[in-house]
Amino acid sequence: MYSIEAKNIGKSYGAVKALDNVSLQVRKGEIYGLIGPDGAGKTTLFRILTTLMLPDSGNAEVEGFDIIRDYKAIRKISGYMPGHFSLYEDLSVEENLDFFATIFGTSVAANYETIREIYSQLEPFRKRKTGKLSGGMKQKLALCCALVHKPSVLFLDEPTTGVDAISRKEFWNILERIKAGGVTVLVSTPYMDEASLCDRISLIQQGQIIDSGTVDSIVEKYPYLLLSVSGDHIYPVLKILRQVKGVVSCFAFGTEHHVAIDRALITAEDIRHILTENAYADCVVKEIRPGIEDCFMQLAAKK
């Protein structure tokens with residue numbers, strides 16, 4: 001039984017196709033990641049699944065409820081945290097939480113255990129205006145407001161964008177505990193490193209799902225030998241390698257380059273020889289395991 005099931009969802013804005021035949025299946029009680037850059041279609045899909053927007057084609061169900069016919073039922077069982085901060089900044093922390101509880105026909109006291117762990121960090125600031133909170137605290141308050149009515153499904157649209165690294169890590173720890181409580185979590189993010197924190201993922205680019213599965217299953221399908229090339233004069237090396245026959249792709253990754261090569265045409269030793277011939281003998285070339293970002297770039301290049 002799937003908690004969320006989307007089939008062939010399509011959505012266009014004029015001539016721009018935001019979603020193109022998108023399908024995904026999210027199991028009950030898992031954290032499922034929708035991974036892709038800005039403009040890939042993540043927010044459009046979230047708005048459709050949370051009944052805020054109608055698809056042009058296809059259909060979807062949330063906990064067995066149809067997104068069009070049963071939209072009222074879906075809104076009662078879903079928590080939604082949009083990509084941009086949408087709480088009332090002129091209200092206090094306490095007032096925002098009370099407001100959202102009232103909207104859902106409940107009270108903070110009735111469901112306090114659901115948010116207790118998160119809200120305990122906000123409680124010292126409960127009288128503070130929401131607009132005066134830090135980014136991490138705003139994030140926690142938005143999550144409390146999405147959980148205050150005890151939803152069975154939680155939609156989080158880029159919840160860690162613009163948040164510091166420590167708050168990001170803490171947020172994902174919170175999600176694990178929410179999942180342990182039986183809540184299904186669908187989360188979108190442009191951060192490839194967060195893919196490994198999900199049970200399963202879909203990679204989305206230009207409105208299309210380009211691959212789905214566990215991170216390991218996607219990485220195992222990477223078709224090339226991947227090399228790491230590092231050294232003192234790394235930028236000129238990038239230009240040289242991109243012109244070598246057998247080099248499929250070459251991208252800068254921090255202080256090194258990730259070089260994908262076709263094993264039938266070239267070897268790692270050939271790369272070392274070429275760099276030596278071009279006076280870059282100091283470069284270190286080693287074989288590495290691809291990450292999800294390498295896989296995304298390879299799959300996106302095929303589209």
Side-chain angles (χ1 to χ4, degrees), residues 29-35 38 42-43 46-47 49-52 74-191 193-198:
E30 73 174 341
I31 298 178
Y32 195 102
L34 190 64
I35 317 293
D38 292 343
K42 302 187 300 294
T43 295
F46 270 56
R47 288 176 178 170
L49 293 175
T50 54
T51 76
L52 301 177
I74 290 174
R75 292 178 183 181
K76 288 180 180 179
I77 62 168
S78 300
Y80 177 42
M81 190 172 160
H84 61 280
F85 186 71
S86 59
L87 302 186
Y88 296 99
E89 298 204 2
D90 56 339
L91 295 182
S92 70
V93 168
E94 190 174 57
E95 288 168 338
N96 261 301
L97 196 56
D98 285 338
F99 173 76
F100 278 89
T102 303
I103 288 294
F104 283 103
T106 186
S107 67
V108 176
N111 296 324
Y112 187 72
E113 279 304 306
T114 306
I115 62 169
R116 179 180 56 80
E117 180 186 357
I118 312 166
Y119 190 66
S120 63
Q121 301 172 54
L122 290 164
E123 207 151 19
F125 313 104
R126 64 184 183 278
K127 299 296 183 183
R128 183 176 295 183
K129 289 289 172 55
T130 298
K132 301 293 185 181
L133 296 175
S134 67
M137 286 298 184
K138 284 182 177 179
Q139 177 199 57
K140 291 183 178 70
L141 178 57
L143 186 56
C144 283
C145 291
L147 289 168
V148 73
H149 60 297
K150 295 182 71 173
S152 58
V153 184
L154 188 59
F155 295 90
L156 306 174
D157 190 9
E158 298 193 2
T160 58
T161 299
V163 178
D164 65 87
I166 293 174
S167 294
R168 280 175 63 191
K169 183 177 180 181
E170 185 181 4
F171 188 84
W172 279 94
N173 289 337
I174 290 170
L175 291 191
E176 277 293 333
R177 292 191 285 273
I178 290 171
K179 167 194 163 182
V183 178
T184 302
V185 180
L186 177 61
V187 57
S188 72
T189 178
Y191 300 128
D193 61 308
E194 293 186 341
S196 62
L197 303 174
C198 303

So do the side chains of [X] and [Y] get within less than 4.5 Å of each other, counting heavy atoms only?
X	Y	result
Lys42	Thr189	no
Val185	Leu156	yes
Phe46	Leu34	yes
Leu97	Cys145	yes
Ile74	Val153	no
Ile115	Val108	yes
Lys138	Leu87	no
Leu122	Cys144	yes

Notebook entry, point to check: Does the side chain of Ser167 pick up a donor-acceptor pair with the side chain of Gln139 at under 3.5 Å?
Noted result: no

Gap between atom [atom2] of [Y] and atom [atom1] of [X] - 0.5 Å precision:
X	Y	atom1	atom2	result
Ile31	Cys198	CD1	SG	6.5 Å
His84	Thr161	NE2	OG1	12.5 Å
Thr43	Asp38	OG1	CG	8.5 Å
Ile118	Lys140	CD1	NZ	9.0 Å
Leu154	Leu147	CG	CG	5.5 Å
Glu170	Asp164	CD	CG	9.0 Å

Next item on the list: Spell out, as yes or no, whether a donor-acceptor pair under 3.5 Å connects the side chain of Thr106 to the backbone of Ala101.
Entry: no

Item checked: Any donor-acceptor pair under 3.5 Å from Arg75 side chain to Thr51 backbone ->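 Answer holds: yes.
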
Checklist line | Residues in ring pair (Phe, Tyr, Trp, His ring centres under 6.0 Å) contact with Tyr191, at least two apart in sequence or another chain | finding: none

Check: Of Trp172, Phe155, Phe171, which meets side-chain contact (heavy atoms from CB on, under 4.5 Å) against Val187?
Finding: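 With Val187 as partner, side-chain contact (heavy atoms from CB on, under 4.5 Å) holds for just one option, Trp172.
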
Item checked: salt bridge (charged side-chain N to carboxylate O under 4.0 Å, His left out) involving Asp193 - partner list, sequence neighbours excluded ->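 Partners of Asp193 by the salt bridge (charged side-chain N to carboxylate O under 4.0 Å, His left out) criterion, ordered by chain and then number, come out as Arg168.
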
Notebook entry, point to check: Should the heavy atoms of other residues, nucleotides or ligands under 6.0 Å from CZ of Arg177 be counted, would the total exceed 12?
Noted result: yes

Next item on the list: Return yes when atom NZ of Lys129 has more than 12 non-hydrogen atoms of other residues, nucleotides or ligands closer than 6.0 Å, and no otherwise.
Entry: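 Atom NZ in Lys129 is not packed in, count stays at 12 or less.
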
Next item on the list: Could you tell me which non-hydrogen atom of Val183 sits nearest to which non-hydrogen atom of Pro151, and how far apart they are?
Entry: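 Of all heavy-atom pairs spanning Val183 and Pro151, the closest is CG2-O, 3.7 Å.
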
Notebook entry, point to check: Between His149 and Ser78, what is the shortest heavy-atom contact and its length?
Noted result: NE2-O, 2.8 Å

Next item on the list: Assign the ring pair Phe99 / Tyr88 to parallel, tilted or perpendicular, where the plane angle (0 to 90°) is split at 30° and 60°.
Entry: perpendicular

Notebook entry, point to check: Going by an N to O cut-off under 4.0 Å, is there a salt bridge joining Arg126 and Glu123?
Noted result: no

Item checked: Partner set under side-chain contact (heavy atoms from CB on, under 4.5 Å) for Tyr32, not counting sequence neighbours -> Leu24, Val26, Glu30, Leu186, Arg200, Ser202, Ser212

